[in-house]
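Note that this is a predicted model, so its numbers are computed, not measured. In each ligand, atom 1 is the first atom listed, and ligand 1 is the first ligand listed. FYI, side chains are in, hydrogens and waters are out, and symmetry mates aren't considered; it's all heavy atoms of this structure.
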Amino acid sequence: MKYIIGNWKMNGSRDLAWKLTLDLHQYVAAEGRGDAKMVLCPPFAYLPLMQDFLSRHQSAIGLGAQDCHAQSSGAFTGNISAPMLADIGCGYVILGHSERRQYHAESDAQIALKVKAAQGSGLTAVLCIGETMAERQGAQTNAVLSQQLNGCLSPLPDAAKLIVAYEPVWAIGTGLNANADDIESAHHHIRQELIRHFGPGGGKISVVYGGSVKPSNAKATLATPGVDGVLVGGASLQFADFRDIYAACA
Ligand code: 13P
C-alpha cells in the first residue's frame, strides 16, 4: 500500500475544502487504485464538513488532523483531543511535524504521549521526523533520526497504527526535494531502527517521504526503494497537482 497524504497546514477555506474534496473524491472513485490510499489532513475547522461529504459518498479517501493533545479532555484552551478527532470520524493524525516542533516547542517526549493518545482512540499516527540543514551538513542525519525515534517511540506504540514520515526540514516548502540516494539511505536507516524497536513488526510499518513533493518528482520519489508513500504540503492544495501525485503511484 502506498499512502498519498495531503497536509494542508494552515491553508484553505470552506469553499476550497468543498471543491477539493469533491474533485478528489470523484477522481479516486473513477480512477482509484486498491493499492494507493489518499488521506487529506485539512485544518481542524474543515474536518466536519469534509467528513460529512466523504462518509455520505462512502469515499475511499481517508481524513486526518494535523495535531492532537495528549490528554483526552480538560482545561487546555485551544486544543483538540484524540477522542474528539475519532468522534467526528477522523482516521489519522499527523504528529511531531517539524513546524509543531519549531513553533510550539514540541519535544519527542510530548510527541510520544500524543502518539499513544491517538492510537488509544483508534487513530493511525503519522509520526514526522527529519533533520535540519545544519544537522545534515554535520553528517548527523542518521543520529538525529535515531534520537527522534527513540524519544517518540517510548512508550512503544502499536506498530499496526503507525506511519512514519521522513521529512527533512530543509526540504519542506523550499522546492529542494531530497535526492533519491538521500531518501533511500534515510528510509533504510529508519527501517532498521523500526525493526530494532518493534522486532519483525517494524518491517511492516509504512515509511513515507515528505518535502517539496510535486508532480514532477513524485514518480521518482515513489519509485525509490523503501518509500511507502508521500506526505505532501503545498502541492496538496491544488487539485491537478495532488491528482497527478496520486496517479504517479501507478
Ligand atoms: P511541502 O510539500 O510544501 O514542502 O511540505 C511538506 C510537508 O511539510 C508535509 O507535511
Side-chain angles (χ1 to χ4, degrees), residues 2-12 16-17 20 24 36-44 46-47 61-68 85 90-104 106 108 111 114-115 118 123-133 135-136 141 144-145 148-149 152 162-180 182-183 186-187 190 206-222 224 227-249:
K2 297 265 192 201
Y3 285 95
I4 311 295
I5 308 171
N7 174 10
W8 293 10
K9 309 193 179 184
M10 196 173 72
N11 293 298
L16 179 131
L20 210 41
L24 289 169
K37 177 77 180 172
M38 182 184 287
V39 179
L40 304 180
C41 301
F44 290 127
Y46 305 124
L47 286 169
I61 297 177
L63 192 67
Q66 300 171 16
D67 181 44
C68 72
L85 295 176
C90 274
Y92 301 81
V93 59
I94 296 170
L95 294 171
H97 193 281
S98 60
E99 288 150 16
R100 299 287 316 172
R101 295 173 187 261
Q102 184 180 353
Y103 304 125
H104 299 267
E106 284 190 13
D108 291 330
I111 296 162
K114 292 183 177 199
V115 169
L123 304 172
T124 293
V126 182
L127 169 64
C128 300
I129 56 172
E131 83 286 2
T132 63
M133 182 55 100
E135 289 161 345
R136 169 182 157 84
T141 298
V144 169
L145 297 177
Q148 290 178 338
L149 283 172
C152 295
L162 182 66
I163 295 171
V164 174
Y166 170 54
E167 292 211 315
V169 178
W170 52 271
I172 295 175
T174 58
L176 297 172
N177 178 269
N179 69 38
D182 289 337
I183 297 174
H187 280 234
I190 291 167
S206 293
V207 182
V208 304
Y209 169 80
S212 297
V213 175
K214 301 182 278 275
S216 58
N217 58 33
K219 208 171 182 68
T221 303
L222 284 160
T224 301
V227 173
D228 302 313
V230 285
L231 178 52
V232 185
S236 72
L237 290 154
Q238 307 285 340
F239 167 66
D241 283 358
F242 200 53
R243 174 200 60 197
D244 289 352
I245 290 169
Y246 176 86
C249 276

Atom 4 (O) of ligand 1 [closest protein heavy-atom partner, distance rounded to 0.1 Å]: Gly173 N, 2.6 Å
Under a 4.0 angstrom heavy-atom cut-off, which atoms of ligand 1 come close to Asn7? 9 (C), 10 (O)
Without swapping roles, check the side chain of Glu135 against the backbone of Thr132 for a donor-acceptor pair under 3.5 Å. yes
Taking only non-hydrogen atoms of Ala171, do any sit less than 4.0 angstrom from ligand 1? yes
Just need the protein heavy atom nearest to atom 3 (O) of ligand 1, so name the residue and atom and give the distance. Gly234 N, 2.9 Å
Among Glu99, Glu106, His104, the one residue meeting side chain to side chain contact (heavy atoms under 4.5 Å, CB included) with Asp67: Glu106
Give the atom numbers and elements of ligand 1 that come within less than 4.0 Å of a heavy atom of Lys9. 5 (O), 6 (C), 7 (C), 8 (O)
Those atoms of ligand 1 less than 4.0 Å from some heavy atom in Leu231: 9 (C), 10 (O)
Sub-3.5 Å donor-acceptor pair from the side chain of Asp228 to the main-chain atoms of Lys2, do we have one? no
What's the shortest distance from atom 2 (O) of ligand 1 to any protein heavy atom, and which residue and atom give it? Gly233 N, 2.9 Å
Heavy-atom closest pair (Ser212 atom, Asn177 atom, distance to 0.1 Å) is O-ND2, 3.7 Å
Polar contacts were defined as any N/O atom of the residue lying under 3.5 Å from an N/O atom of the ligand; does this apply to Glu99 and ligand 1? no
Have a look at ligand 1 and work out which part of Ile172, if any, has a heavy atom under 4.0 Å from it: side chain, backbone, both or neither. both
Could you check whether the rings of His187 and Tyr209 sit parallel, tilted or perpendicular, using 30° and 60° as the cut-offs? tilted
Do any nitrogen or oxygen atoms of Thr174 come within less than 3.5 Å of a nitrogen or oxygen of ligand 1? no
Start with the C-alpha gap between Val208 and Val227, add the side-chain angles, then the distance that decides, and say whether side-chain contact (heavy atoms from CB on, under 4.5 Å) holds. CA-CA 6 Å; Val208 304; Val227 173; 6.0 Å; no
Just jot down the ligand 1 atoms closer than 4.0 angstrom to any heavy atom of Ser212, in number order. 1 (P), 2 (O), 4 (O)
Any ion pair linking Lys214 and Asp244 (charged N to carboxylate O, less than 4.0 Å)? no
Which of the atoms of ligand 1 are close to Glu167, meaning less than 4.0 Å from one of its heavy atoms? 6 (C), 7 (C), 8 (O), 9 (C), 10 (O)
Any donor-acceptor N/O pair, Gln66 side chain to Lys9 backbone, under 3.5 Å: yes
